[in-house]
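Beneath this line is the structure, given in structure tokens, with notes to follow.
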Amino acid sequence: QVQLVESGGGLVQAGGSLRLSCAASGRTSTRSDMGWFRQAPGLEREFVAAISRNNIPYYVDSVKGRFTIFRDNAGNTVFLQMNGLKPEDTAVYYCAADDTNSRPYNSAGKYYYWGQGTQVTVSS
């Protein structure tokens with residue numbers, strides 16, 4: 001099975017940058033579509049970004065131009081580079097991997113494996 005280990009969260013001032021990473025391991029990890037979701041207190045979990053197994057990226061409109069999702073050369077680690085952070089980006093960020101299904105990239109139901117979450121806090 002696929003296992004995900006996240007890192008890179010932290011506290012940053014508005015306008016700063018963070019890079020989140022998600023290390024994937026398992027027999028199907030290199031064929032997985034990968035996504036990032038976030039959840040702020042009291043709110044629903046929302047889609048942030050995804051990258052297909054063919055390295056096509058997808059983003060929610062609110063992060064376009066600020067966030068970039070990409071893989072390492074081996075395809076075993078997925079990153080979310082976050083620039084120009086805003087207080088409204090504060091949330092727990094989760095990475096996720098699918099099981100080779102055809103559901104939309106922005107739907108949480110597409111993803112079968114989830115990381116533990118990493119806290120991102122952006123101060124004003």
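Because the structure is predicted, anything quoted here is derived from the model rather than measured.
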CD of Glu46: more than 12 outside heavy atoms within 6.0 angstrom? yes
Heavy-atom closest pair, residues Met34 and Ile69: O-CD1, 4.2 Å
How close do Leu85 and Arg66 get, heavy atom to heavy atom, and via which atoms? CA-NH1, 3.9 Å
For a side chain to side chain contact (heavy atoms under 4.5 Å, CB included) check, start with the C-alpha distance between Val63 and Arg38, then their side-chain angles and the critical distance, and finish with the verdict. CA-CA 12 Å; Val63 308; Arg38 65 188 181 188; 4.1 Å; yes
Does the separation of the ring centres of Tyr94 and Phe37 fall below 6.0 angstrom? no
For Tyr105, give me all partners under ring pair (Phe, Tyr, Trp, His ring centres under 6.0 Å), at least two apart in sequence or on another chain. Tyr58
Geometric class of the Tyr93/Phe67 ring pair [parallel <30°, tilted 30-60°, perpendicular >60°]: tilted
Tell me whether Thr121 contacts the main-chain N or O of Thr90 through its side chain, where contact means a donor paired with an acceptor under 3.5 Å. no
Is it the case that one hydrophobic cluster holds both Trp114 and Ile51, taking links as side-chain heavy atoms less than 4.5 Å apart, direct or via other members? yes
Using salt bridge (Lys or Arg N to Asp or Glu O under 4.0 Å), reason through Asp61 and Lys64 one step at a time and then give a plain yes or no. CA-CA 5 Å; Asp61 286 345; Lys64 288 181 178 177; 3.1 Å; yes
Donor-acceptor pairs under 3.5 Å, side chain of residues 4-12 to any protein atom, not counting sequence neighbours: which ones?
residue: Glu6; atom: OE1; partner: Gly117; partner atom: N; Å: 2.9
residue: Glu6; atom: OE1; partner: Thr118; partner atom: N; Å: 3.3
residue: Glu6; atom: OE2; partner: Cys95; partner atom: N; Å: 2.2
residue: Ser7; atom: OG; partner: Ser21; partner atom: OG; Å: 2.7

Distance only, no hydrogens: is a donor on one side chain within 3.5 Å (strictly under) of an acceptor on the other, for Ser52 and Asp33? no
